[in-house]
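Heavy atoms only: backbone and side chains are in, while hydrogens, waters and symmetry mates are out. Start at 1 with the first residue, then count along the sequence.
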Amino acid sequence: YIYSGAWLGFCIGLLVIGSALQLVDPDVMRRLVVSTREAMATGADFAATIEALAPSLSGTPLAGVAKTLMLLGLALWLATLAWCVRAWRAFRQTVGVGRARAVAATTLWLALLGGLFWASRLLG
């Protein structure tokens, strides 16, 4: 329940921000995919690749709309974060778990998730 709500909020926010980027530079997604593949194949710094692709929002006819959409996407992400915190609290109260056990469970989940990413880097 919580994970699906978080994922849905993240994807909707990303859709809105991606739409803003497409308004400014219609070719940005294709270039992002190509640059990501090249960075992964060569082991280049991914953050530098993304920064090189960042389109300028100034000087385009739809710059105001794009900036507004980007702020809306950020607001959606913040609302999703707030919802996740509230939903986790409600879920914890429904199940009757104390705060310490909920923090322990969240820490364990984050450690398992980090271990999964660490293992994927070792195997990849």
Start with the C-alpha distance between Leu112 and Leu108, add both sets of side-chain angles, then the distance that settles side chain to side chain contact (heavy atoms under 4.5 Å, CB included), and finish with yes or no. CA-CA 6 Å; Leu112 289 172; Leu108 178 63; 4.3 Å; yes

With the 4.5 Å side-chain cut-off for hydrophobic clustering, are [X] and [Y] part of the same group?
X	Y	answer
Trp7	Trp77	yes
Met29	Phe10	yes
Val97	Phe91	yes
Val103	Trp109	no
Tyr3	Trp88	no

What distance separates [X] [atom1] from [Y] [atom2], expressed to the nearest 0.5 Å?
X	Y	atom1	atom2	answer
Arg31	Glu38	CZ	CD	12.0 Å
Leu69	Leu74	CG	CG	12.5 Å
Thr106	Arg92	OG1	CZ	10.0 Å
Leu23	Lys67	CG	NZ	13.5 Å

Return the minimal non-hydrogen interatomic distance between [X] and [Y], and the atom names on each side.
X	Y	answer
Ala66	Ala20	O-CB, 3.4 Å
Met70	Leu21	CE-CD2, 4.0 Å
Trp83	Ile2	CZ3-O, 3.7 Å

Please lay out, stage by stage, how Val16 and Leu76 fare under the test side chain to side chain contact (heavy atoms under 4.5 Å, CB included). CA-CA 9 Å; Val16 171; Leu76 286 168; 3.9 Å; yes

